[in-house]
Protein chains: 2
Amino acid sequence: MLSMKAKYGLRALLYLARQQNQEEPVLISELAEKEKIPKKFLELILLDLKNHGLLQSKKGKGGGYLLSRRPEAIKLGRVVRVLDGPIAPLPCASQTAYIPCDECEDEKTCGIRLVMKDVRDATAKILDGTSLADVLRRVEEASTQPAEALTYHI
Amino acid sequence: MLSMKAKYGLRALLYLARQQNQEEPVLISELAEKEKIPKKFLELILLDLKNHGLLQSKKGKGGGYLLSRRPEAIKLGRVVRVLDGPIAPLPCASQTAYIPCDECEDEKTCGIRLVMKDVRDATAKILDGTSLADVLRRVEEASTQPAEALTYHI
DNA sequence: TATTTACTCTATTGATTTAATAGTCTAAAT
DNA sequence: ATTTAGACTATTAAATCAATAGAGTAAATA
C-alpha cells in the first residue's frame, strides 16, 4: 500500500514536472497549497527526495524546489523506494533491499517467495518503466481523448 | 507489503494442501508447531479463513482444520484479500474494494491512479492466477531441478 | 452423561509505523 | 541587518500490527 508520504511526494514531483520553466524554483508553500498537502509534512518529504538526489533546492528569497533531472529521467520506482522503502511484498523477495527470512529453511524452494518475487518483478517493471513525463503524457491522453475513444464497441 | 498474518495464513494453507488425505483434519497445534507460527495468532487467522469459506473445521477429538476446496481451486489472491485486504496500492485503484480519493479532482485523469491501476492489475493477475496447487508444483520443480538447469550458459 | 478435546469468540496489550506538528537553526538574497 | 525560505531535530497522536489471555461452545468417547 502506498503511504500518504509517497502519494504526497509523487504529487509534488508531478507538479514540478508540469512547470514550464524547469529552472525556476517553486515554493514549498505553493506546492503545499496547490496540492493540498500539509506544509510541514511536505517539507520532510521534499528534503528526503533532495537528499536522495531527485530534487534541488535554493534557500532564501526566490528560493524553493526544482527537479534535479528532467521529468523523463525520474522514474516512479525510485521515488517510491525513497519514500516507502522496497517495492517487494516481502524482504526476501526484494532485489534492492534483500533480507532473508529467518524461519525459511530453504529459500530457493520457498513457494511464497517464488510468487512474491513474480509480484515484485511485475511491479518494478511498471514503476521503473514509468517516468514523471510518462505520467503527464498519460494524463494528457486521458483528458484529451473523448470518452468514446476509450470504449470498445461490439 | 505482506503482513505476518497473510504469510502465516499462506504457510498454513500450503501445509494443508500438502496433506495426502485431504479429508482428514489437521490440528491447529500441529500447524503451529510445524510452521513455527504462534498458536493463538494462528487460531485467529484460521478462523478468519474459515469464515470466508476457504477452510472447514471440525470440533472435538479428531477435529482440526481442512481445506474447504481442492488446492487447485484456492487462489492466492483470495487469501491475501481476506487476510490483508485489497491488493491495489491505493483504494481508488482497487477493483474489489474501490474507494474514491477525496482530494482527487478528476479521477479519470489522475496520473498516480492510472499507474497504480496498472500495478494492481499486474499483481492481481499473478495472485489470482496462482493456486495453492500451483505453488506446490513450483516448489517441487525448484527442488527437483538441478541448479544448473536453472542457469543460462553463454 | 461426564469428561476430554479442540475449535470459537471477545478483549486486551505492547510495539511499531504513520501522519502530522512544533520549534530552532542556517543559508541566501536584498 | 533584515527578511525570506529551506534544513534539521524532536515530539506527539492515532492507527495498525502482532501477539496473548481467557472464557465459551461443540463434538467425540468412555
*Below 4.5 Å, heavy atoms only, C-beta onward: do B:Leu2 and B:Leu10 meet side chain to side chain?*
yes

*Distance-only, no hydrogens or angles: does the A:Ser68 side chain make a donor-acceptor pair with backbone N or O of A:Leu54 under 3.5 Å?*
yes

_Intermediate values then yes/no, salt bridge (Lys or Arg N to Asp or Glu O under 4.0 Å), B:Glu43 and B:Lys40_ = CA-CA 5 Å; B:Glu43 281 182 20; B:Lys40 271 299 196 179; 3.5 Å; yes

*Whole angstrom is fine here: how far is it from NZ in B:Lys39 over to P in C:dT5?*
12 Å

*For C:dT8, does either OP1 or OP2 sit under 4.0 Å from a side-chain N or O belonging to B:Ser57?*
yes

_Distance in angstrom units between A:Leu31 CG and D:dG6 P, rounded_ = 9 Å

_Backbone of B:Ser131 reached by a side-chain donor or acceptor of B:Asp134 within 3.5 Å_ = yes

*Check: B:Arg120 side chain, B:Pro86 main-chain N or O, donor-acceptor pair, under 3.5 Å*: no

Provide a list of protein-nucleic acid N or O atom pairs under 3.5 angstrom, restricted to nucleotides 8-14 of chain D.
none

*When the distance from CG of B:Leu49 to C1' of C:dC9 is rounded to whole Å, what number comes out?*
16 Å

*Expressed in angstrom and rounded to an integer, what is the separation of A:Leu55 atom CG from D:dG6 atom P?*
12 Å

*List the steps and the verdict of salt bridge (Lys or Arg N to Asp or Glu O under 4.0 Å) for B:Arg81 and B:Asp128.*
CA-CA 10 Å; B:Arg81 286 194 190 87; B:Asp128 290 332; 3.0 Å; yes

_Which atom of B:Leu127 lies closest to which atom of B:Ile87, heavy atoms considered_ = CD1-CD1, 3.9 Å

*With A:Glu33, which residues qualify under side-chain hydrogen bond (donor to acceptor under 3.5 Å, both in side chains), at least two apart?*
none

Taking only nitrogen or oxygen atoms into account, show me every contact under 3.5 Å that the protein makes with nucleotides 28-30 of chain D, one pair per line with its distance.
none

*Starting from C1' on D:dT4, measure out to CG on A:Leu27 and report it in whole angstrom.*
9 Å

*asked:* Measure OH/B:Tyr65 against P/D:dA27 and give the value in whole Å, please.
replied: 14 Å

*Nearest-Å distance for atom pair CE/C1', residues B:Met1 and C:dT16*: 13 Å

*Do you know which of B:Leu49, B:Leu27, B:Leu47, B:Val26 makes side chain to side chain contact (heavy atoms under 4.5 Å, CB included) with B:Tyr65?*
B:Leu47

_Please report the distance, rounded to the nearest Å, between NZ in B:Lys5 and P in D:dA19._
12 Å

*Output yes when at least one side-chain N/O atom of B:Tyr8 is less than 4.0 Å from OP1 or OP2 of D:dA19, else no.*
yes

